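These numbers come from the heavy atoms of this one structure, side chains and all, not from hydrogens, waters or symmetry mates. Note that the coordinates shown come from a computational prediction; the quantities given were computed from them, not determined experimentally. Remember, it's 1-based here, ligands and their atoms both numbered in the order they're listed.
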Amino acid sequence: MKIVDAKVILCSPGRNFVTLKIMTDEGVYGIGDATLNGREKAVVAYLEDYVCPSLIGKDPQQIEDIWQFFYRGVYWRRGPVTMTAIAAVDVALWDIKAKLADMPLYQLLGGRSRDGVMVYAHANGKEISETVHEVQQMVAQGYKAVRVQCGVPGLDHVYGVAKQGRYEPASSDLPAEHVWSTEKYLNHVPKLFQAVRDAVGEDIHILHDVHHRLTPIEAARLGKEIEPYHLFWMEDPVPAENQEGFKLIRQHTTTPIAVGEIFNSIHDCRELIQNQLIDYIRATVVHAGGITHLRRIADLASLYHVKTGSHGATDLSPVCMGAALHFDTWVPNFGIQEHMAHEEITDEVFPHAYSFKDGFFTPGEVPGHGVDIDEKLAAKYPYQRKCLPVNRLQDGTLWHW
Ligand code: CS2
Ligand code: MG
């Protein structure tokens with residue numbers, strides 16, 4: 001069997017997405033998500049100029065060898081662009097292999113480890129009352145877990161909070177500049193969780209994304225102050241380049257920690273996992289080298305009581321969601337899966353077999369990962385550059401977004 005074509009489809013149904021489609025000489029094709037929010041064209045170029053030409057003629061069944069070809073075989077290893085490109089190839093090849101085996105991908109990985117994949121929804125509001133109302137709406141829709149983000153008095157833009165309509169951070173041609181105050185945030189956010197717990201009680205899992213903005217001692221303070229509210233996790237408390245810093249957080253708080261949505265290889269995760277500095281690893285099939293590599297990350301995590309908690313924002317396409325749900329159905333040390341509902345037009349361009357019921361997703365039983373792309377419809381939604389914001393402190397210092 002041979003790969004006869006590999007093409008990149010760049011489209012924008014609701015938001016920008018990059019999809020890789022690999023065709024074989026036996027008519028079977030597979031697709032993979034290659035979306036890197038705000039840097040889509042970088043991955044398109046990497047795939048079109050360096051990856052796709054090398055794929056032609058290869059046997060699509062040799063998933064591992066092709067993975068190693070594009071990882072070990074490349075001098076300039078790792079990084080979000082490279083690993084997103086490898087991930088797209090990997091997921092497309094697993095899609096092909098499962099179609100050839102005439103089974104849903106999770107069966108090929110080792111079969112079902114759970115009846116359904118617990119997901120968490122997003123709730124946000126400009127004020128605490130509005131946020132609490134959204135949490136109650138998510139609970140009413142059946143979610144067992146809700147991520148809670150709220151505006152901060154005195155700040156115009158806060159991560160995770162929509163100014164109006166849907167929350168989409170990559171919303172301008174060039175980076176918008178937002179202003180941040182850690183002091184205002186730290187003084188406000190514990191009140192949020194008190195109000196949420198008062199409204200929904202103890203049985204709902206509550207999560208929160210700090211989004212890389214604190215120092216370790218500030219994260220230690222926050223973790224300690226929100227302990228009474230028993231969060232499922234506090235996500236990205238600090239930037240994860242200096243992983244020593246997590247030891248300081250761990251000394252002060254039992255609030256569980258989740259990190260890793262921006263990680264792209266097992267080497268980014270290793271120190272945090274081996275030193276048990278985190279409780280959930282957020283790496284994904286789209287940004288961490290695909291199914292083949294995420295499996296290795298999950299296996300390492302399982303040795304240290306760390307569970308998976310993959311990223312699943314709307315800038316990860318339904319192709320990623322589909323593959324992730326098969327992975328989540330199989331992986332033994334599953335924790336939770338993020339689910340931020342895509343727009344209707346996104347779901348139309350990416351028809352899929354996965355479905356939601358009462359707080360859980362199932363991946364569907366069709367051969368492959370169960371997601372396709374309607375290329376004709378996709379062509380009606382051309383790419384437009386959209387950049388993520390940057391953050392400045394109130395004195396103008398450039399800060400983490
Ligand atoms: C966030 C993401 O969902 C999350 O946990 O961190 O929304 C993140 O801000 C975006 O994916 C960035 O593109
Ligand atoms: Mg996050």
*Asks:* Which parts of the protein, at residue level, reach under 4.0 Å of ligand 1 through a heavy atom?
*Replies:*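 Asn37, His122, Arg147, Tyr159, Asp209, His211, Glu235, Glu261, Arg282, His311, Ala313, Asp315, Glu338, Leu388, Trp401.
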*Asks:* How open is the angle at the Mg ion (ligand 2) from atom OE2 of Glu235 over to atom OE1 of Glu261, rounded to 10 degrees?
*Replies:*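 It comes to 80°.
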*Asks:* How are the rings of Tyr159 and His211 set relative to one another: parallel (under 30°), tilted (30 to 60°) or perpendicular (over 60°)?
*Replies:*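 Tyr159 vs His211 ring planes: parallel.
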*Asks:* State whether Glu348 and Lys380 are salt-bridged, where the test is any N-O pair (Lys NZ or Arg NE/NH1/NH2 against Asp/Glu carboxylate O) under 4.0 Å.
*Replies:*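 Result for this pair is no, no salt bridge flagged.
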*Asks:* Quick one: sort the Trp233 and Tyr120 rings into parallel, tilted or perpendicular, breaks at 30° and 60°.
*Replies:*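 Aromatic pair Trp233/Tyr120 classed perpendicular.
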*Asks:* Once the angle between the rings of His326 and Tyr106 is folded into 0 to 90°, is it parallel (under 30°), tilted (30 to 60°) or perpendicular (over 60°)?
*Replies:*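 Judged by the thresholds at 30° and 60°, the geometry between His326 and Tyr106 is parallel.
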*Asks:* Quick check: closest heavy atoms across Trp67 and Gly289, and the distance to 0.1 Å?
*Replies:*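 Trp67 and Gly289 have their closest heavy atoms at NE1-O, 2.8 Å.
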*Asks:* Do Arg15 and Phe17 form a cation-pi contact, if we require the NZ or CZ to be under 6.0 Å from the six-membered ring centre and within 45 degrees of the ring's axis?
*Replies:*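 Yes - Arg15 lies over the ring of Phe17, closer than 6.0 Å to its centre and within 45° of its axis.
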*Asks:* Is the distance from the Mg ion (ligand 2) to the nearest N/O/S atom of Asp209 under 2.8 Å?
*Replies:*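 Within the cut-off used here (under 2.8 Å), Asp209 does place an N, O or S atom near the Mg ion (ligand 2).
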*Asks:* Apply the test salt bridge (charged side-chain N to carboxylate O under 4.0 Å, His left out) to residues Arg213 and Glu218: give CA-CA distance (whole Å), side-chain angles for both, the deciding distance (0.1 Å), then the verdict.
*Replies:* CA-CA 9 Å; Arg213 300 184 177 191; Glu218 291 166 346; over 6 Å; no
